[in-house]
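Ligands are counted one by one from 1 in listed order, and the atoms in each one are counted from 1 as well.
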Amino acid sequence: MVRLYISRLRLVLLSAFAFGLNASAPVPALASDNSPALIPAVQQIEMKAGQFHLNRQTKIFASDMVAKENAQLLSVAVQKILGVSLPVMLGKPTAQEQNFVQFLSIQTFAPSEAYNLVSDTKSLRITATAAGQFYALQTLLQLLPLHKQAVIDLPAMEINDTPRFAWRGMHLDVGRHMFSVDFIKKLLDQMAALKLNTFHWHLTEDQGWRIQIKQYPKLTQVGAWRKETTKDRHYEPYIGDGVPYGGFYTQEQIKEVVAYAQRLHIMVVPEIELPGHSQAALAAYPELACTPGPFAVATNWGVFEDIYCPTEPTFTFLENVLTEVMALFPAPYIHIGGDEAPKTRWKASAQAQAVMQREGLKNEEQLQSYFIRRVEKFINSKGKRLIGWDEILEGGLAPNATVMSWRGEEGGIAAAKEGHDVIMTPTSWCYFDAGQGPAEQELWQLGGEITLEKVYSYNPVPKVLDESQQSHIRGVQANIWTEYLPTSAHVEYMVFPRLLAMAEVAWTPQDRRNFADFEHRVQNYYPRLDQAKIAYRIPRPLGLDTPVQIGKEWQWTLTAPVKDSKMFYTLDGSEPSPSPKGKLYRKTLAVKKDAAAVLKVLTVLPDGRVSAVQVAGIPKPAAQASTQK
Ligand code: ACM
């Protein structure tokens, strides 16, 4: 069959035609190759001549009940735009049908998350498994306009898409700060839109135990509550805020989140930390420690020396806890933490030393390895797989464990060489508690700097691995630690837009990735985040880092980083303020080269949200570009 490729020029003309003659029905925004601006970028797309016009007469067909579920999600989304509900019909369209969308289920499409989407002037057809159809739907949803229209024009095209990695994750620490079920659902919705499929739920910490365990009620009666929280960063010397803090998820709430995630094809992996980061559990059950206690739920951040003692009562406790946890989470994985467990108490404990002697263990690292192996054996006996942070390599890796490499990539590389599966989450690219720009120009951050570009630059497959070792890199994940993120708005700021970059790292083939193109597509994505009421970090105005030198002047021509937002500036070093007092940016700003001027800009979104002040220094002599990189 002859494929019809559409030329660049033709598409530009087509777009102009669509905008000019039918302003209410623009074609979707375009990426730099003139294909629709999607995040994550698809594996393969061919643009063709013509458009499919989805309108009130369009019929939706579903080949079976699985397809019907996906088709109905489209019908609901389209109703918001067209104002009518398009019926979903079970069955296939006749050959005469002229205007339809079809969801066609197949059972043997490999790998199972792949999909094929074909649109022409008459129809839009999706062929895939249930998960693949769901991802085709997410692609399609990104092509829909955000506002009411009579007709939705979609380009004729064929997409063949499949994820690069099986594990496309986001982690959330709810121990340091806790977030509502509604907020978690909101995050899951965003993850699904970006084709992420794994939610790693960090449920237990020194500062709070957040999951109801019926056999051990004190875990939440005592362990879920702390007396107060460190005020700002006053941990040394310590100053508390004096405000009691706590909460937990009931088993019913956990089930609700898991079921919600399942509908979004997201696996929820619970993390129950052991043997360290367990001070909240020890506050509830001090007999599980090597020293008598008492212990308090931690009120400050850090790594604590009081950890579970490797005794029989501890293993019984953990097995009982894990049994309840496994019943709540259908995921094949249980994350057991394993990180940051100081051995101080074990070294001084006669009980711990006796276990080492009994088991013939040479040091406390081997004792940790024994601890993890025992827990793994139990988890495996229940048909589940253990995953842990890369410290589980120390003293010998448990036989079937999957390693989450966070202290760089070395742990992941070592594990893959030993034939273990690996999830890459190295701090330098994947820790979303770091700032997204220079600290003084951020609303908040924990420390360090991981820009959108840095996240995007990550390639989770280390070159030092051979092909068979590389196949053990199962995926990649962003981690959200919440010491300094007390509210959902803080979390949203840290997660977005960086999660968009992580989604593309996780989904899109490496050779299809290009940051400049991605950045352009991100601009197009902000209105979707606005519609979902996500308090994302408002990016720097475009052009702030690229002043041009004209004669004796530096000139900045700025573009608002988000559509319909306004920029306010100062040039005298004072803080810009939004209207009515502030100076609204209207046209190119010029500054004499030798003037001591500082350009400061803030951006105000249509909804009133204000960015952090962004600063562009005058470039040093001879530097044509920014001082801000
Ligand atoms: C970790 O960041 N402690 C896994």
Side-chain angles (χ1 to χ4, degrees), residues 167 169-177 198-210 230 235 269-281 298 300-308 333-344 365 368-369 371-372 375-376 386-395 397-398 401-415 420-435 445-450 454-455 458 460 473-485 490-491 494-495 498-499 502:
W167 178 302
M170 191 187 86
H171 147 291
L172 181 67
D173 163 20
V174 296
R176 276 58 180 261
H177 286 100
T198 305
F199 176 54
H200 169 175
W201 203 355
H202 185 85
L203 284 162
T204 70
E205 258 305 337
D206 299 301
Q207 297 82 6
W209 182 285
R210 305 273 177 240
T230 317
Y235 31 81
V269 175
E271 180 178 352
I272 305 296
E273 274 267 20
L274 57 89
H277 286 294
S278 49
Q279 198 168 299
N300 53 354
W301 319 124
V303 173
F304 297 88
E305 292 188 333
D306 289 304
I307 67 173
Y308 294 119
Y333 293 95
I334 299 289
H335 200 303
I336 54 75
D339 59 317
E340 298 180 324
K343 307 298 183 294
T344 328
E365 280 64 44
Q368 158 133 347
S369 174
F371 199 117
I372 305 290
V375 173
E376 170 167 76
L386 177 142
I387 179 162
W389 301 109
D390 57 50
E391 285 91 334
I392 67 172
L393 281 153
E394 291 163 10
L397 193 49
T402 297
V403 171
M404 197 165 256
S405 191
W406 74 279
R407 298 174 300 175
E409 294 186 301
E410 293 70 24
I413 291 168
H420 287 261
D421 280 354
V422 171
I423 311 301
M424 285 295 192
T425 65
T427 46
S428 306
W429 293 274
C430 301
Y431 269 49
F432 285 8
D433 45 8
Q445 42 79 44
L446 182 142
E449 186 178 320
I450 301 179
K454 175 84 183 184
V455 176
Y458 187 49
I473 309 296
R474 301 283 297 158
V476 60
Q477 174 174 295
N479 293 337
I480 326 296
W481 300 100
T482 62
E483 285 92 337
Y484 299 101
L485 307 178
H490 287 87
V491 173
M494 297 308 266
V495 171
R498 287 187 288 197
L499 196 64
M502 187 54 72

Can you list the steps and then say if His335 with Trp389 is a side chain to side chain contact (heavy atoms under 4.5 Å, CB included)?
CA-CA 8 Å; His335 200 303; Trp389 301 109; 3.5 Å; yes
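- Checked against a 3.5 angstrom limit, the closest N/O atoms of Tyr431 and ligand 1 fall inside it.
- Those atoms of ligand 1 with a heavy atom of Glu340 less than 4.0 angstrom away are 3 (N).
- Checking only distances, Asp339 does come within under 3.5 Å of ligand 1, N or O to N or O.
- Without hydrogens or angle criteria, Gln207 side chain to Asn300 main chain gives a donor-acceptor distance under 3.5 Å.
- Under a cut-off of 6.0 angstrom, the local environment of CZ in Arg176 is crowded, with over 12 non-hydrogen atoms contributed by other residues, nucleotides or ligands.
- The ligand atoms of ligand 1 that sit less than 4.0 angstrom from a heavy atom of Trp481 are 1 (C), 2 (O), 4 (C).
- No donor-acceptor pair closer than 3.5 Å links the side chain of Arg498 to the backbone N or O of Val455.
- Taking only nitrogen or oxygen atoms, main chain and side chain alike, Trp406 does not reach within less than 3.5 Å of ligand 1.
- To the nearest 0.5 Å, atom CE of residue Met170 and atom CZ of residue Phe199 are 5.5 Å apart.
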